[in-house]
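Comments concern the structure below.
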Amino acid sequence: MRSRNVIDMHLVNRMQAFGWPLIAVAFALAIMLAVGAIVGSRGPEAQAEMYYGLQWNGAIFALLGPLIGYGFTSMGQYFPLALGLGLTRREFATGLSVVFLGNAVIYSVLITVGKTIEKATEGFGLSIRFFDVFYTSTGAPWQTLLQTFLLILTVLFLGAAITAAVLRFGQVFLWVAAAILALIGLGILSGVLLLDGFGRALLDVLTMGWGPWMVAIAVIGAVSAGAWLVLVRRTQVS
Amino acid sequence: MTAIETRNLTKHFRDVAAIDDVSLSFAEGRVHGLLGRNGAGKTTLMKLLTGQIFATSGEMRVLGQSPLENPQVLAQTCFIQESQKYPDGFRPLDVLRIAEGLYPAWDQELARELIADFRLPEKRAIKKLSRGQLSAVGIILGLASRAPLTFFDEPYLGLDAVARRLFFDHLLADFADHPRTVILSTHHIDEVSNLLEHVVLLDEGRVAISEEAETLQNAAIEVSGRRDEVMAFTAGADVLHLQEIGSLATSTLHAEPGSVERARAAGLQVAPVSLQNYIVHRTTAAAAAPVA
Amino acid sequence: MLDESKPLFIAVAEQIEDGILDGTYPEDTPVPSTNELAAFLRINPATAGKGLNRLADAGVLVKRRGVGMFVTVGAAELLRRRRRDDFARAYIVPLLREAAHLGIDPENSPR
């Protein structure tokens, strides 16, 4: 199975694949523990307040952040080498999909385990929230597992799709995409300001609940993956 | 058997025809030279033949099949690109290990021998290698892959004379023991001319020459002597180049059967024209010729 | 190393011939193989093979299956006879022409 070599390629740089994300997450967690220790010394009231506020704690992005760049690197740097070594685009796409799936599984399990420990130890004994936050779901562990899995996978495919589009269409794609996003943003803003009930409707959509949100993320991921698969089969290496 | 066959192959980049209606055939088991000036379309042709880019029109058969997205063909094809990019943090060691898994005929022993001969720091990040060391990575990959069809695009870039000699000798020895089809693109024509069996010259995306190297090596002669005698001898001949100094002249012309003897009989000095010079003359002559 | 004014395979053949004439390759002994010759002269094996085959066709070398090419018995004499025929054309005619340029009368050659 020649696609296996795509996985091997992604494992060459172990620091990039596992080292840096794990170091980043350890570092962010260490800071949170320090914060927790300091706040904890100010009494239970401050601690309870912190526990509530920390559900929006974005420190977990220290882990999710590097994964966003992963999709870019795979298409931007690994794809040209794979093609240069005689792999087909299909073989590369198959291998990379497995790599993405593996990443999503490993890190979503890691986060879920972290969250379980965090809840069981009441915030590592310091009432902090690092894994059990809004972005990774504050619900049951299986919800965290599913949410982070979908989120990571979507982000990876989205990054790959964007890079493939840039390789395929050049810088123009970035300009067009930025313009479209700006227009959408402008449309929403003017809708909120000018149309009665638009803001309320928008709020309803944004608070549609966990289930629909998961579906929305899955759809974005699926569309990205589909777009990437279509684009990668037509991508040339200049 | 032909290793490569193209028919009316064309590749446009926007409105520029990088490869323009190219119909070529490369026989199996030989060393072919793919020559031409920068921008003549050599790299583009090799990228088409290895499925890195898509043709605008035309057909191609590589090892009997279309190379596009074809694992059977691509596993037998090794393309050493001068401009190959490697991911951050990759070391020669990593690239060679992955290549080993991709090429069925890979010879790890040869790879080790070449690493030692080229003194390649295999554990240094590729991004930190010199241009010559980068070329060595490609050469080692290309030779050790033992791919039935191997493309070398400017393998000499940045190599010193010793390393160039090393490449030549290893290529020759390995080709002798394990015959395969080699397509060699280089500007160092003189250094490889004794290795080439067949030569393709591209000029502005078109095929200017596709000929046996032996034929080309004797395709032209250089005659020199007194200007009027040279002029008289070359009248009506296909002259590629004429140089005059005072009452003396040197003319490069296409040789016909017996022209060497006739030139000597006419009292002119006759010298062979190297493949490199012949190619230079053919390229500049084409450039100077009025557009038909 | 090789005469550049001739097709490469002919230059290869002539070099082997020289070797036979000067005793480098005695009769009934093997000459270098195609690949050895190619590596030594830094030329394509096909060209080296063509040079050897030319000598085989001329009866100077003989193929022994699985062993290689051997100098035939009588090869040196054969070559000598052929080269004697070529001698006048290759050396004496140019000599006379150069002599004429220099105004040397062949009949009255200086010491």
Side-chain angles (χ1 to χ4, degrees), chain A residues 1-21 66 69-96 99 160 163-164 167-172 229-238, chain B residues 11 13-14 18 43-44 46-48 50-56 62 66-104 106 125-127 137-138 141-142 145 147 149-151 153:
Chain A
M1 193 54 187
R2 279 154 49 90
S3 293
R4 230 194 74 94
N5 291 285
V6 180
I7 303 168
D8 284 349
M9 254 181 222
H10 282 81
L11 290 178
V12 161
N13 231 323
R14 297 228 167 79
M15 272 314 272
Q16 194 192 316
F18 306 111
W20 291 119
Y70 207 78
F72 292 102
T73 316
S74 289
M75 267 315 282
Q77 296 192 9
Y78 290 72
F79 179 66
L81 178 64
L83 233 55
L85 290 175
L87 282 157
T88 65
R89 292 164 180 81
R90 181 195 287 273
E91 288 168 330
F92 178 76
T94 308
L96 190 56
V99 169
T163 316
L167 286 176
R168 178 82 178 78
F169 304 110
Q171 287 294 112
V172 178
L229 284 171
V230 169
L231 284 173
V232 78
R233 298 301 300 277
R234 290 296 305 159
T235 304
Q236 314 187 72
V237 174
S238 52
Chain B
K11 173 67 178 174
F13 289 114
R14 297 227 166 75
T43 302
T44 304
M46 289 187 275
K47 281 188 170 178
L48 284 168
T50 52
Q52 314 267 302
I53 56 176
F54 306 108
T56 309
V62 177
S66 163
L68 268 190
E69 291 292 274
N70 189 334
Q72 278 94 3
V73 171
L74 295 177
Q76 311 287 314
T77 306
C78 184
F79 176 26
I80 301 308
Q81 302 184 66
E82 167 258 306
S83 62
Q84 178 67 56
K85 300 273 188 299
Y86 298 97
D88 293 338
F90 266 53
R91 303 163 298 170
L93 191 71
D94 302 317
V95 177
L96 297 175
R97 186 171 53 76
I98 287 162
E100 183 181 359
L102 281 169
Y103 294 105
W106 181 270
I126 292 183
K127 293 258 144 84
V137 175
L141 211 161
S145 75
L149 174 59
T150 308
F151 295 86
D153 185 10

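None of the values given here were measured: they were computed from a predicted structure.
Side chains of Gln52(B) and Leu83(A) form a contact here, defined as non-hydrogen atoms less than 4.5 Å apart. Thr163(A) places none of its side-chain heavy atoms less than 4.5 Å from the side chain of Phe79(A). Phe79(B) places none of its side-chain heavy atoms less than 4.5 Å from the side chain of Leu74(B).
Contact of Thr235(A) with chain B is made through the backbone alone, with heavy-atom distances under 4.5 Å. Heavy atoms of Asp88(B) lying under 4.5 Å from chain A belong to its backbone as well as its side chain. If you measure heavy-atom distances from Tyr103(B) to chain A, the contacts under 4.5 Å come from the side chain alone. Proximity to chain A is limited to the side chain of Arg97(B), based on heavy atoms less than 4.5 angstrom apart. Only the side chain of Gln84(B) comes within contact range of chain A, judged by heavy atoms closer than 4.5 Å.
Looking only at heavy-atom pairs under 4.5 Å with chain B, the residue among Arg89(A), Met9(A), Arg2(A) that has the most is Arg89(A). When each of Thr43(B), Thr77(B), Ile53(B), Leu93(B) is scored by its heavy-atom pairs under 4.5 Å with chain A, the top score falls to Ile53(B). Of the listed residues (Ser83(B), Pro87(B), Pro67(B)), the one with the most heavy-atom contacts under 4.5 Å to chain A is Pro87(B). Ranked by heavy-atom pairs under 4.5 Å with chain B, the list Arg90(A), Arg4(A), Arg234(A), Glu91(A) is led by Arg234(A).
Partner of Ile80(B) under the side-chain contact (heavy atoms from CB on, under 4.5 Å) criterion, chosen from Leu141(B), Asp153(B), Val137(B): Leu141(B).
Between Ser74(A) and His10(A), the shortest heavy-atom contact is OG-NE2, 2.9 Å.
The CG atom of Leu11(A) sits 11.0 Å away from the CG atom of Asn5(A) when rounded to the nearest 0.5 Å.
In this structure, Tyr70(A) has its ring center no closer than 6.0 Å to that of Tyr78(A).
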